[in-house]
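This is a predicted model, so every value here is computed, not measured.
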Amino acid sequence: MIDLKVIKKLEELISIERKLVITSHSNPDGDAIGSSLALFLLLRQLGHQVKLIIPNMYPGFLSWLPHINEVIVYENQVKEARALIDEADLIFCLDFNSMKRSGVMADDLIKADATKILIDHHPEPVAEEFDILISKVSISSTSQLIFELIITLGLEKYIDADVSSCLYVGIMTDTGSFSHAIYNSETFRSSAYLIDKGANAERIHRLIYDTFSENRLRLLGHAINNRMMVMEEYRTAIITLSRKDLKQFNYQIGDTEGVVNFPLSIASINMAVLLTEKKDHVRLSFRSKGRFSVNDFARRYFEGGGHQNAAGGNSQLSLKETVSRLIKLLPEIHEEINYQYDEQ
Ligand code: MN
């Protein structure tokens with residue numbers, strides 16, 4: 001349940017028409033965009049002046065979402081975005097737990113005078129950066145949390161087909177198509193409600209998952225066949241993709257999405273890591289099965305974090321150096337990661 005005092009405060013804040021900004025983390029995913037867009041559409045129906053500003057571009061598989069063309073991409077429209085953040089009465093921060101996760105927008109958000117409202121499901125939010133905290137860790141997604149919030153606020157009549165589709169996208173993608181982060185039956189109850197309100201489950205699944213280009217599928221094949229190391233002793237598999245690899249397959253934003261999940265389908269593997277070489281750093285994605293916390297691991301060693309079983313991080317070392325650093329760390333977690341997932 002969401003704290004009633006918080007609900008009261010929120011009700012008060014949105015009871016008069018205001019200038020609102022909604023924002024989310026950099027490299028926004030299905031949950032970031034789905035939850036933000038749903039809240040955007042809902043608050044607009046209430047008569048507010050709402051803008052949705054994201055730090056950088058969303059992946060192509062989300063480009064069909066209703067009203068996504070109204071999203072402002074900070075990186076491309078810095079001046080306009082800055083002015084809006086400056087003038088905002090309220091800023092809703094969705095699907096991230098610390099301002100620094102909003103990348104290029106972080107400084108502007110921290111400086112803004114607006115009342116800042118966090119709505120998120122990542123562990124350990126940086127509370128002092130926000131005025132109001134709606135943080136729930138044991139929930140599938142921020143989209144499901146937004147759904148709960150809408151219901152608690154008594155605003156369910158505004159859940160139309162567009163809002164439903166956006167929220168459904170967030171729940172579906174953050175649970176890997178209903179395969180993890182399901183803490184209780186509410187995930188399915190919310191999803192069923194959204195389907196009743198117009199979210200087309202089959203169509204959405206197809207639009208999100210069956211939109212690979214030939215290059216993207218071949219990149220996945222290359223990653224698994226030629227770039228994956230399996231270290232049975234540490235129950236870990238590592239995939240590394242260099243800029244050259246990405247170029248070879250004409251990489252587009254979003255093309256490496258989901259690649260990190262494949263090594264986890266090996267029965268004995270408890271942690272999968274994908275290292276992607278960027279222009280000036282290396283991006284790391286971590287996934288785990290069971291009790292090993294990649295959130296802790298990414299926080300401790302790779303200036304990152306996320307959830308217990310899904311996290312991200314960065315390294316300023318070269319790709320090669322980052323891989324060897326990672327491999328050197330594995331003996332330290334040997335005890336922690338050496339469990340049989342089914343009998344953990
Ligand atoms: Mn999320």
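For the residue pair Glu148/Ser190, the side-chain donor-acceptor check at 3.5 Å is not satisfied. Between the side chains of Asp95 and His25, at least one donor N or O lies within less than 3.5 Å of an accepting N or O. Asn270 and Tyr234 are not linked by any side-chain donor-acceptor pair at a separation below 3.5 angstrom, with hydrogens and angles left out of the test. Side-chain contact check for His121 and Asn97: no donor-acceptor pair (N or O, by modelled atom type) lies under 3.5 Å. Side-chain polar atoms of Glu321 and Ser318 form a donor-acceptor pair below 3.5 angstrom. Looking only at atom types and distance, the side chain of Asn215 has no donor-acceptor partner in the side chain of Asp255 under 3.5 Å away. Asp120 and Ser135 form no side-chain donor-acceptor contact under 3.5 Å, judged by distance and modelled atom types alone. Side chains of Ser35 and Thr142: a donor-acceptor N/O pair is absent below 3.5 angstrom, by distance only. A donor atom on one side chain and an acceptor atom on the other are found under 3.5 Å apart for Asp245 and His222. The closest side-chain donor-acceptor pair between Ser288 and Asn309 falls under 3.5 angstrom. Side-chain contact check for His205 and Ser177: at least one donor-acceptor pair (N or O, by modelled atom type) lies under 3.5 Å.
A salt bridge does not link Lys8 to Glu11: none of the charged side-chain nitrogens sits closer than 4.0 Å to a carboxylate oxygen. For Arg218 and Glu214, the salt-bridge test passes: some basic side-chain N is under 4.0 Å from an acidic carboxylate O.
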Evaluation steps, side-chain contact (heavy atoms from CB on, under 4.5 Å), between Thr240 and Ile238: CA-CA 7 Å; Thr240 52; Ile238 301 171; 4.2 Å; yes
What verdict does the side-chain contact (heavy atoms from CB on, under 4.5 Å) test give for Ile72 and Glu80, after you've listed the backbone C-alpha separation in whole Å, the side-chain angles of each residue and the deciding distance to 0.1 Å? CA-CA 9 Å; Ile72 295 166; Glu80 189 191 347; 3.9 Å; yes
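Between Met99 and Cys93 there is a side-chain heavy-atom pair separated by less than 4.5 Å. No side-chain heavy atom of Thr276 sits under 4.5 Å from any side-chain heavy atom of Val282. Proximity of Lys111 to Asp108: side-chain heavy atoms (C-beta onward) are separated by under 4.5 Å at one or more points. Using a 4.5 Å cut-off on side-chain heavy atoms (C-beta onward), Pro123 and Asn295 make contact.
Here the CG atom belonging to Asp29 is positioned 7.5 Å from the CZ atom belonging to Phe61, to the nearest 0.5 angstrom. Atom-to-atom distance recorded for Ser24:OG and Leu94:CG is 6.0 Å, nearest 0.5 angstrom. Taken from CG in Leu155 to CG in Leu149, the straight-line distance is 8.5 Å, to the nearest 0.5 Å. One finds the NE2 atom of His48 at 10.0 Å from the CG atom of Asp89 (value rounded to the nearest 0.5 Å). Separating the CG atom in Asp107 from the NZ atom in Lys100 is a distance of 13.0 Å, to the nearest 0.5 Å. In this structure, OG in Ser268 is found 11.5 Å from CE in Met231, a value given to the nearest 0.5 Å.
Heavy-atom minimum distance, Ile85 versus Ile53: CG1-CD1, 4.0 Å.
Stacking of Arg300 on the aromatic ring of Phe297 is not recorded, the 6.0 Å distance cut-off and the 45° axial limit not both being met. A cation-pi geometry, defined here as NZ or CZ lying under 6.0 Å from the six-membered ring centre and within 45° of its normal, holds between Arg325 and Phe302.
Within 6.0 Å of the NZ atom in Lys136, the count of heavy atoms belonging to other residues, nucleotides or ligands exceeds 12.
With sequence neighbours left out, Phe178 forms a ring-ring contact (aromatic ring centres under 6.0 Å, His included) with Tyr168, Phe188.
Judged purely by atom type and a 3.5 angstrom limit, Thr175 has no side-chain atom pairing as donor or acceptor with the backbone of His180. The backbone N or O of Gly60 sits nowhere less than 3.5 Å from a side-chain atom of Gln252 that would complete a donor-acceptor pair.
A continuous path of Ile, Leu, Val, Met, Phe, Trp and Tyr side chains, each step under 4.5 Å between heavy atoms, connects Ile146 with Leu90, placing both in one hydrophobic cluster.
Judged as a salt bridge (charged side-chain N to carboxylate O under 4.0 Å, His left out), the pairs with a partner in residues 32-57 (not counting sequence neighbours) are, in order, Arg44-Glu70.
For His67 and Phe40, the gap between ring centers reaches or exceeds 6.0 Å.
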Can you give each donor-acceptor pair under 3.5 Å made by side-chain atoms of residues 191-200, sequence neighbours left out, with the distance rounded to 0.1 Å?
unit_1 : atom_1 : unit_2 : atom_2 : d
Ser191 : OG     : Thr187 : O      : 2.7
Asn200 : OD1    : Glu202 : N      : 3.4
Asn200 : OD1    : Arg203 : N      : 3.2

